[in-house]
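Everything quoted here is computed from the prediction, not taken from an experiment. In what follows, every chain begins at residue 1, and chains take the letters A, B, ... in the order their sequences are listed.
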2 protein chains.
Amino acid sequence: MDRRPTIADVAKLAGVSRSAVSFALNGRPGISEDTRERILAAARELGWQPSRPAQALSRGRAGALGLVLSREPGAIGADAFFPAFIAGVESVLAERGDALVLQVTGPGDEEAVYRRLASDRRVDGVLLTDLRVDDPRPALTTELGLPAVVVGDADGAHGLCAVSLDDRPAFAAAVHRLADLGHRRIAHVAGPQEFRHARRRRQSWEQAMREAGLPPGPVLPGGFTAAGGASATRELLGLGPDRPTAVVYANDLSATAGLAVAQQRGLAVPGDLSVVGYDDTPLAAYTHPPLASARADAQGWGAAAARALDEVIDRGRADDVELAPAELRPRASIGPAPA
Amino acid sequence: MDRRPTIADVAKLAGVSRSAVSFALNGRPGISEDTRERILAAARELGWQPSRPAQALSRGRAGALGLVLSREPGAIGADAFFPAFIAGVESVLAERGDALVLQVTGPGDEEAVYRRLASDRRVDGVLLTDLRVDDPRPALTTELGLPAVVVGDADGAHGLCAVSLDDRPAFAAAVHRLADLGHRRIAHVAGPQEFRHARRRRQSWEQAMREAGLPPGPVLPGGFTAAGGASATRELLGLGPDRPTAVVYANDLSATAGLAVAQQRGLAVPGDLSVVGYDDTPLAAYTHPPLASARADAQGWGAAAARALDEVIDRGRADDVELAPAELRPRASIGPAPA
DNA sequence: CCTCGGCACTAAACCGCTTCAGTTGCATCC
DNA sequence: GGATGCAACTGAAGCGGTTTAGTGCCGAGG
């Protein structure tokens, strides 16, 4: 008995037909309560679970969602967002025993990956993250008839359902707080501007600056990386007497690196320079000084995205979802502007 | 024409039987070069790809590997290892168009997840990571007939193929370097000792201490977390005049938090305290001071594990793999012992 | 008493691919 | 010139489920 049990074994053991087993398993009517229990008992006894490939084939439904990560292999570990996001997706899928299929790819063959995913029938839909400006993927998935949901705001979603989370309140809170503390020159170290979320964070910062009646300070590219954050900070600190007294970074990684650069230069944080990150990584509360940051519920985001995608798959469409906005976690890296 | 093309459509277009298409696709003999090309052209024209569920069903092979992450949802983002590891796994799978199926679960229902995975037929094998002491999973997968590979050393692998990476050289290098710099009291902030890799890192540190002729200093639990690293460090620094002059942490997260605690106390790093991490996270080179750490090739590890698991699936077994050991990246957080 | 409807269940087709056992046509060999 | 062999292909069964179209039985209604 090397072979795993099939539905036929269960049927034989329970003394019914294969279809009866299928009906019982899927809670269909037309099976008496007695029989249903006998069948389920038989299944339990044999340790039988329906074969997913077989189910997928006959139902025309893979029972899996796809997530394509297209990043440089090196940068892949830098992001605390994805693990939490994925955990959220899983929390929804796990209920139904569905799975998440992950594909990691370079930016180059992204399109091919989606095409394969679409004709492969391995997933029922995909989550689109890290949307870029002029991202071809929304149109592509539509063309391919592959259900998709955009993780991020509706701009550029091309009519797809978008599950978004507003980061403006967090940037507004940070900038206003800094303004209240007397800062007038507040810089931004931005993420790669080909990404919509990076661009949006930058815009959120700009808008907050305008609201606070401050001239938008210098914006430097930080690439979401530690190296980028460090070199942007070096440049900012080299600006002379008019250098910014506060920097709002696009993420914690570049912010933490910036923090270190400032300290390496002998500057006190927040005495000489205030610093704000974004993401509220596990480390943020434990840097020296603790890094003010913004907390977005990545896990909730994943769960919401998975639910939305489910709905798109089932009903063809779903309403956009707006999650609770990111919240500023003020910490000691923010202080009064230097005199 | 809403329906996606099937092998029958390709066969019709190419004017051959369905089996011919299958043969051509899978590079089997018995199809002339001409016909093969005609078939492939037809497939290309229709944009046809074989349905994975159908292939899986008839081949009895899912064409997917499973990875179960059982972590607290909160801790999930803290680890830079997994994203890189997963990228490595993918690099192997992508060649064949195979996929990685991810399951995230709490430690509680781990066993159920593996049981389901085994009878589900959704994956052909699983990668076992984060092995614990007395981990039930190796025995469980063996019992279930689910091919598996242990990511980590062979201890506790229960006869399964293990893909390991020696961290001893890195700890030895760190401790010896510290010893050479005059440090005599070197502490260790350990990871959760129920994990074999955490335990092993601790042992590596101990062994290195013995080799250096030093009495193993205090060992405190750091839980691989920032909070744990911070509180362990606070405790170490409270030990009075005999407090350690150097701390070797089990990972970068706790080390970075420890660094911050020391600085918060007004201690200079490395002037008053030397600090070493492990993992060489993207941030390590950009902290203040840059954090000495040990670099393990997580991506290569993932790739090797995937290849080993493939072999186990195909041939029933595979030889253990020993990867290039982790290497110390000495950085400015290490310095001469205080006078 | 006969028919009718509905419940509980079965038989068989079907999902899309792989694969094994043939079948055909053609060159080869004695 | 008939057996032999081989390359190139076809037909049909099978993978393990789901689903549709029945079938048999029983109680109710006229």
Side-chain angles (χ1 to χ4, degrees), chain A residues 2-40 42-43 46-64 97-98 116 118-122 124, chain B residues 2-40 42-43 46-64 96-98 116 118-124:
Chain A
D2 183 59
R3 200 178 49 81
R4 275 157 224 261
T6 77
I7 198 172
D9 300 314
V10 177
K12 202 184 306 163
L13 182 58
V16 295
S17 69
R18 296 188 309 153
S19 13
V21 177
S22 178
F23 285 3
L25 186 77
N26 296 303
R28 296 263 195 127
I31 303 288
S32 72
E33 200 46 43
D34 273 11
T35 313
R36 181 183 311 278
E37 287 189 355
R38 192 154 35 87
I39 290 173
L40 295 181
L46 295 177
W48 175 79
Q49 299 265 130
S51 146
R52 281 303 188 142
Q55 273 189 331
L57 182 57
S58 56
R59 297 220 256 240
R61 189 62 88 76
D98 283 356
R116 185 151 50 70
S119 50
D120 233 343
R121 319 305 278 140
R122 197 204 284 280
D124 299 316
Chain B
D2 183 59
R3 199 178 50 83
R4 273 156 225 263
T6 77
I7 197 172
D9 301 314
V10 178
K12 202 183 306 162
L13 181 58
V16 294
S17 69
R18 298 186 308 151
S19 14
V21 176
S22 178
F23 283 2
L25 186 77
N26 297 300
R28 296 262 197 130
I31 303 288
S32 72
E33 200 46 45
D34 274 10
T35 312
R36 181 184 312 278
E37 288 190 352
R38 190 155 35 88
I39 291 173
L40 295 181
L46 295 177
W48 175 78
Q49 299 266 131
S51 145
R52 281 302 186 143
Q55 272 189 332
L57 182 57
S58 58
R59 289 186 177 162
R61 189 62 88 74
R96 310 191 303 277
D98 282 357
R116 186 152 50 71
S119 49
D120 234 17
R121 321 303 278 139
R122 197 204 282 281
V123 301
D124 300 315

Range on DNA chain C touched by chain A - first to last nucleotide, heavy-atom distance under 4.0 Å: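 From 5' to 3', the first and last contacting nucleotides are dA8(C) to dG16(C).
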
Nearest atoms (heavy-atom pairs only) where [X] meets [Y]:
| X | Y | result |
| --- | --- | --- |
| P53(B) | D120(A) | CD-O, 3.7 Å |
| L46(B) | P5(B) | O-CG, 3.5 Å |
| A62(A) | R121(A) | CB-O, 3.4 Å |

Side chain to side chain contact (heavy atoms under 4.5 Å, CB included) partner of I39(A), the single match among L25(A), D34(A), V16(A):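 For I39(A), the side chain to side chain contact (heavy atoms under 4.5 Å, CB included) check succeeds only for V16(A).
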
Residues within residues 48-56 of chain A bordering DNA chain C, heavy-atom distance below 4.0 Å: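 Per residue number, the list is empty: none.
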
Which residues share a side chain to side chain contact (heavy atoms under 4.5 Å, CB included) with I7(A), sequence neighbours left out: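 So I7(A) forms a side chain to side chain contact (heavy atoms under 4.5 Å, CB included) with R18(A), V21(A), S22(A), W48(A).
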
Listed partners of A118(B) passing side chain to side chain contact (heavy atoms under 4.5 Å, CB included), at least two apart: R4(A), L144(B), L146(B)

Heavy-atom side-chain contact between D9(A) and T6(A) under 4.5 Å: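 The answer is yes; the side chains approach within 4.5 Å.
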
Listed partners of T35(A) passing side-chain hydrogen bond (donor to acceptor under 3.5 Å, both in side chains), at least two apart: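 Testing T35(A) for side-chain hydrogen bond (donor to acceptor under 3.5 Å, both in side chains), a comparison that skips the adjacent residues, returns S32(A).
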
Those residues that, when tested against S119(A), pass side-chain hydrogen bond (donor to acceptor under 3.5 Å, both in side chains) (two or more places apart):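 side-chain hydrogen bond (donor to acceptor under 3.5 Å, both in side chains) list for S119(A), sorted by chain: empty.
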
Students often get this wrong, so: under 4.0 angstrom with heavy atoms, is [X] touching a base, only sugar-phosphate, or nothing?
| X | result |
| --- | --- |
| I31(A) | sugar-phosphate |
| G30(A) | base |
| V16(B) | sugar-phosphate |

Distance in angstrom units between L25(A) CG and dG17(D) P, rounded: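 After rounding, the reported distance stands at 9 Å.
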
Five-pair end axes of the helix from dC1(C)-dG30(D) to dC30(C)-dG1(D) and the angle they enclose, rounded to 10°: 60°

Give every pair of a protein N or O atom and an N or O atom of nucleotides 19-25 of chain D that lie under 3.5 Å apart, one pair per line with the distance.
{"from": "dT19(D)", "atom 1": "OP2", "to": "R28(A)", "atom 2": "NH2", "distance (Å)": "2.4"}

Distance in Å, R38(B) CZ paired with L13(B) CG, rounded so as to fall on 0.5 Å steps: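 Interatomic distance, R38(B) CZ to L13(B) CG, rounded to 0.5 Å: 9.5 Å.
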
By salt bridge (charged side-chain N to carboxylate O under 4.0 Å, His left out) - contacts of R36(B) (at least two apart):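 R36(B) satisfies salt bridge (charged side-chain N to carboxylate O under 4.0 Å, His left out) with E33(B) only.
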
Pairing residues for R116(B) by the salt bridge (charged side-chain N to carboxylate O under 4.0 Å, His left out) criterion, not counting sequence neighbours: none

side-chain hydrogen bond (donor to acceptor under 3.5 Å, both in side chains) partners of residues 52-63 of chain B, not counting sequence neighbours, each pair once: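 As it turns out, the side-chain hydrogen bond (donor to acceptor under 3.5 Å, both in side chains) pairs with a partner in residues 52-63 of chain B, which skip direct neighbours, are N26(B)-R59(B), R52(B)-D98(B), R61(B)-D314(B).
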
